[in-house]
Amino acid sequence: MPTPDLAPISTFWDSSADAFDQEPDHGLRSPQVRAAWWLRLTQWLPSGASDILDLGCGTGSLMLLLAQQGHRPTGVDLSPRMIDQAARKLGEAGLSAPLLLGDAGDPPVAAGARFDAVLVRHLLWTLPAPEEALRRWLALLRPGGRLVLVEGRWAAPGDPPYAAAAPPLPWLGGVPAERLTAALAPMARVVHHERLTDPALWGRPVTDERYVLIARPSPEQEREREREQLSASPAA
């Protein structure tokens, strides 16, 4: 299949970067909102210092929390202006972390790179091939790793695309938890599902569907990955 043209999506987010943090759950400027996300990250991610891949990192608000919690985050975003904002935010806090410009659906990480967790917040709806992305993300996990998907459904089918000339987006407006669970079933097992109705997370009450799914690769997939790694290793 031809690679979709993602330039309209990148342009859209570039134009949104300066105002992005005005949303309470984007900028995490409110101490209450910040504390709510801090707590959830401690519950969803490994307790020890870990390598975390933050896909669609935006202006780096979650990356900042991750770094402050002692993790080693790597961020990926399609928008150069978002990456610039994230670098500035981390720098102002006296922190640094790798920031990669590119398609979060097919992360431009180094060959062989693996992570203890892959964190994705409100990204799947922007991807032309979300189920292919899920498979790629699971393949980036170390044994025992987890895929943390903060998602929701906040728009009706048939809504116009958010970026003019964007390629078709199967999950435009979000994806219900039931649909996402079904998409994961052939490749991973969902180990946690939680509705995110706490207004502190969003800075306001919400009535649409918001949730987190945490998934781990199926045992069969992990065994297949181990076989692939062994076959790729140079002979002793």
Side-chain angles (χ1 to χ4, degrees), residues 1-13 44-45 51-58 62-63 73-80 82-83 86 98-142 145-155 157 161-163 166-193 209-218 220-222 224-225 228:
M1 293 179 61
T3 302
D5 179 10
L6 301 181
I9 295 176
S10 175
T11 299
F12 175 88
W13 291 114
W44 299 337
L45 295 171
D51 295 310
I52 312 293
L53 183 61
D54 182 1
L55 295 175
C57 65
L62 292 186
M63 285 190 69
T74 295
V76 176
D77 204 277
L78 188 64
S79 161
M82 290 285 190
I83 289 288
L99 288 160
L100 307 178
L101 178 64
D103 178 11
D106 189 6
V109 297
R114 296 293 181 268
F115 301 87
D116 301 299
V118 174
L119 174 64
V120 184
R121 184 174 70 161
H122 295 171
L123 174 68
L124 283 166
W125 67 280
T126 72
L127 302 181
E131 295 182 62
E132 291 179 18
L134 291 171
R135 193 173 299 278
R136 292 190 189 102
W137 299 342
L138 288 162
L140 291 173
L141 293 172
R142 292 186 176 124
R146 65 191 77 178
L147 173 60
V148 180
L149 299 165
V150 180
E151 289 296 338
R153 180 67 179 165
W154 47 85
Y162 72 99
L169 305 174
W171 291 349
L172 179 66
V175 55
E178 183 178 7
R179 175 70 184 87
L180 182 51
T181 299
L184 286 165
M187 59 186 97
R189 63 193 190 281
V190 173
V191 297
H192 181 70
H193 172 210
E209 182 182 5
R210 305 195 188 194
Y211 60 88
V212 61
L213 290 182
I214 301 178
R216 295 183 184 273
S218 64
E220 294 79 7
Q221 187 181 37
E222 290 204 334
E224 179 62 28
R225 188 184 308 156
E228 290 175 354

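In what follows, residues are counted from 1 in the order of the sequence shown.
Residues Gly102 and Pro108 approach most closely at CA-CG, 4.1 Å, considering heavy atoms. The shortest heavy-atom contact between Cys57 and Asp77 is N-OD2, 3.4 Å. Closest heavy-atom contact between Leu134 and Ala183: CD1-CB, 4.2 Å. Looking at every heavy atom in both residues, Gly56 comes nearest to Ala104 through N-CB, 3.7 Å. Nearest heavy-atom pair across Pro128 and Pro167 is CG-CG, 3.8 Å. Scanning all heavy atoms of the two residues, the minimum distance from Leu45 to Ala117 falls at CD2-CB, 3.7 Å.
Here the side chains of Trp137 and Pro107 are in contact, with some heavy-atom distance below 4.5 Å. Side-chain contact between Pro217 and Leu141 is present, with at least one heavy-atom pair separated by less than 4.5 Å. Side-chain contact between Leu140 and Arg114 is present, with at least one heavy-atom pair separated by less than 4.5 Å. Residues His193 and Thr181 have side chains not in contact (no heavy-atom distance under 4.5 Å, counting atoms from C-beta outward). Taking 4.5 Å as the limit, every side-chain heavy atom of Val191 sits out of range of all side-chain heavy atoms of Arg146. Taking the side chain as every heavy atom from C-beta outward, Val150 and Trp44 approach each other to under 4.5 Å.
For the atom pair CG (Leu127) and CG (Leu6), the distance works out to 8.5 Å, reported to the nearest 0.5 Å. Residue Leu78 holds its CG atom at 7.0 Å from CG of Leu101, rounded to the nearest 0.5 Å. For the atom pair Leu138 CG and Met187 CE, the distance stands at 6.5 Å (nearest 0.5 Å). Note that the CG atom of Leu53 and the CG atom of Leu147 stand 10.0 Å from one another [nearest 0.5 Å].
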Dump the intermediate steps for side chain to side chain contact (heavy atoms under 4.5 Å, CB included) on Thr126 and Phe12, then the final yes or no.
-> CA-CA 11 Å; Thr126 72; Phe12 175 88; over 6 Å; no
Give the C-alpha distance, both sets of side-chain angles, the deciding distance and a yes or no for side chain to side chain contact (heavy atoms under 4.5 Å, CB included) between Val175 and Tyr211.
-> CA-CA 10 Å; Val175 55; Tyr211 60 88; 3.5 Å; yes
With side chain to side chain contact (heavy atoms under 4.5 Å, CB included) as the test, would you mind laying out the steps for Leu180 and Val190 before giving the verdict?
-> CA-CA 10 Å; Leu180 182 51; Val190 173; over 6 Å; no
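Evaluation of the side-chain hydrogen bond (donor to acceptor under 3.5 Å, both in side chains) rule for Arg210 yields Asp208 as partners, not counting sequence neighbours. Residues passing the side-chain hydrogen bond (donor to acceptor under 3.5 Å, both in side chains) test with Asp116 are Arg142, sequence neighbours excluded. Here Arg179 pairs with Glu131 under the side-chain hydrogen bond (donor to acceptor under 3.5 Å, both in side chains) rule; sequence neighbours left out. In this structure, Trp171 has no ring pair (Phe, Tyr, Trp, His ring centres under 6.0 Å) partners at least two apart in sequence or on a different chain. For the side-chain hydrogen bond (donor to acceptor under 3.5 Å, both in side chains) test, no residue two or more places apart in sequence or in another chain qualifies with Thr74. Shown here are the side-chain contact (heavy atoms from CB on, under 4.5 Å) partners of Thr11, two or more places apart in sequence or in another chain: there are none.
A donor-acceptor pair under 3.5 Å is formed between the side chain of Glu209 and the backbone N or O of Ala177. Under the 3.5 Å distance criterion, the side-chain polar atoms of Arg153 are matched with a main-chain donor or acceptor of Gly174.
For the pairing with Val148, the side-chain contact (heavy atoms from CB on, under 4.5 Å) check across Ile52, Val120, Leu119 returns one residue only, Leu119.
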